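Working notes, structure below.
These figures come from a predicted structure and were not determined experimentally.
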Amino acid sequence: MMRIIVSDETNACGRAVAKHFRRRGDVVFTPDGVSLTSEDDLSEFCARIATSGGADALIVTTREIERMSVLDGPDDALDRAMFSAKAAFFLTKRIGGMMSAKRHGAIVYVGSVHAEKPTGACFGFSCAMAAVGMLSKEAALQLGRRGVHCVCVELGPVVGDENRMSPSLSPIYDGAALNIPRRRLCRLDELCALVDCAITNPILNGASLRADAGFALKYIDR
């Protein structure tokens, strides 16, 4: 039985991951009512977990998807979008530090293929996911030598994303499932299986795992 921290259950990815580990019999903590960008709140949250036995893994599932273009996005939209990256940093600093003190643990960041592939619809989300991807690599360098391995899962489109991402400058989300070789969007149970694998395999430290079923390989057919 493992002790898992899931950073956010308010989105579909977070709910699926938390449910997966609870169903398996693991202990799952979520920072309900905790400000993920408050040093004081997170310190108190970590203290509670430490006194109850500590944690084996942190799954960062905080993902804020808001439509935004470069030319006409609201001035404060980027600040809201970058909350995901800022929260990931604070969580890594506090919870990663707690696990590194015991020289044991794993951090899995649920990122996005759009850290590298623009959509033309959600600029802020892409920026935040790119920052999370680089954070995972920096954390792998620093925490990896202290027994905590860090992995980023670059998730492709799941059900519902085609509505949030489209219409955009690109037709990639028009019939999104048809733009995947297997003709099916990514499933959340597939994400959970990959997160499970990442937690238990330290050799993956520093890896960015593309989990989009070939979505980013799409080209325009003749």
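- Here Ile5 contributes atom CD1 and Ile49 contributes atom CD1; the two are 3.5 Å apart, rounded to the nearest 0.5 Å.
- Residues Met68 and Leu78 meet the side-chain proximity criterion, which asks for heavy atoms closer than 4.5 Å.
- For Asp76, the side-chain contact (heavy atoms from CB on, under 4.5 Å) partners two or more places apart in sequence, or in a different chain, are Pro74, Arg80.
- Sorted by first and then second residue, the side-chain hydrogen bond (donor to acceptor under 3.5 Å, both in side chains) pairs with a member in residues 206-215 read Glu116-Arg210, Lys137-Ser208, Glu154-Arg210; sequence neighbours excluded.
- Applying the 4.5 Å side-chain rule to ILVMFWY residues, one finds Met2, Ile4, Val6, Val17, Phe21, Val28, Val108, Val110, Val151, Val153, Leu155, Val158, Leu188, Leu191, Leu194, Val195, Ile199, Ile203, Leu204, Leu209 in the same cluster as Ile59.
- Every pair passing salt bridge (Lys or Arg N to Asp or Glu O under 4.0 Å) that includes a residue from residues 3-14 is listed here, sequence neighbours excluded: Glu9-Arg22.
- Counting only distance, with no hydrogens or angles, the side chain of Thr200 and the backbone of Asp196 share a donor-acceptor pair below 3.5 Å.
- When all heavy atoms of Ser136 and Cys152 are compared, the pair lying nearest together is OG-CB, 3.4 Å.
- For the atom pair OG1 (Thr61) and CG (Leu91), the distance works out to 9.0 Å, reported to the nearest 0.5 Å.
- The closest side-chain heavy-atom distance from Leu58 to Met99 is below 4.5 Å.
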Exercise. After noting the C-alpha distance and the side-chain angles of His20 and Asp189, does the key distance pass the side-chain hydrogen bond (donor to acceptor under 3.5 Å, both in side chains) rule?
Worked result: CA-CA 8 Å; His20 168 78; Asp189 64 306; over 6 Å; no

Item checked: Val113/Met129 under side chain to side chain contact (heavy atoms under 4.5 Å, CB included): CA gap, chis, key distance, verdict -> CA-CA 8 Å; Val113 66; Met129 292 298 98; over 6 Å; no

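- The CZ atom of Arg48 sits 10.0 Å away from the CZ atom of Phe29 when rounded to the nearest 0.5 Å.
- Using a 3.5 Å distance cut-off with no hydrogens or angles, the side chains of Thr62 and Ser84 do not pair a donor with an acceptor.
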* To do: Test Arg15 against Lys19 for side chain to side chain contact (heavy atoms under 4.5 Å, CB included), laying out the working first.
  => CA-CA 6 Å; Arg15 285 192 296 273; Lys19 182 178 179 180; over 6 Å; no

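- When every heavy atom of Gly124 is checked against every heavy atom of Met82, the shortest pair comes out as O-SD, 4.4 Å.
- For Asp40, there are no side-chain hydrogen bond (donor to acceptor under 3.5 Å, both in side chains) partners, not counting sequence neighbours.
- In this structure, the salt bridge (charged side-chain N to carboxylate O under 4.0 Å, His left out) partners of Arg184, at least two apart in sequence or on a different chain, are Glu190.
- From Cys46, atom SG reaches atom CE of Met98 across 5.0 Å, with rounding to the nearest 0.5 Å.
- Pairs of residues two or more places apart, or lying in two chains, never qualify as ring pair (Phe, Tyr, Trp, His ring centres under 6.0 Å) while including a residue from residues 79-103.
- Ile180 and Ala213 get closest at one heavy-atom pair: CG2-O, 3.2 Å.
- Enclosure of atom NZ in Lys86 is not indicated, since only 12 or fewer non-hydrogen atoms of other residues, nucleotides or ligands lie within 6.0 angstrom.
- Partners of Arg145 according to the side-chain contact (heavy atoms from CB on, under 4.5 Å) rule, which considers only residues two or more places apart in sequence or in another chain, do not exist here.
- Once rounded to the nearest 0.5 Å, the distance linking CD of Glu44 with CD of Glu39 reads 13.5 Å.
- The two residues Ala88 and Val60 come nearest to each other via the heavy atoms CB-CG1, 4.0 Å.
- How far CG of Asp174 is from CG of Asn179: 8.0 Å, rounded to the nearest 0.5 Å.
- Of all non-hydrogen atoms in Asp41 and Gly33, the two that sit nearest each other are OD2-O, 4.4 Å.
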What do the steps show when you test Cys13 against Arg63 for side chain to side chain contact (heavy atoms under 4.5 Å, CB included), and what is the final call? CA-CA 9 Å; Cys13 293; Arg63 309 166 90 240; 4.0 Å; yes

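- Through direct or indirect side-chain contacts shorter than 4.5 Å among Ile, Leu, Val, Met, Phe, Trp and Tyr, Leu178 is connected to no other residue.
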- Test Phe123 against Ser69 for side chain to side chain contact (heavy atoms under 4.5 Å, CB included), laying out the working first. CA-CA 6 Å; Phe123 161 68; Ser69 81; over 6 Å; no

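- Listed by chain and residue number, Leu185 satisfy the side-chain contact (heavy atoms from CB on, under 4.5 Å) test with Ala177 (two or more places apart in sequence, or in another chain).
- Residues satisfying the side-chain contact (heavy atoms from CB on, under 4.5 Å) test with Ala139, not counting sequence neighbours, are Thr92, Tyr109, Leu143, Cys150.
- The ring pair (Phe, Tyr, Trp, His ring centres under 6.0 Å) search around His114 returns Tyr173, not counting sequence neighbours.
- Across Ile65 and Cys122, no two heavy atoms sit closer than the pair CG2-SG, 4.1 Å.
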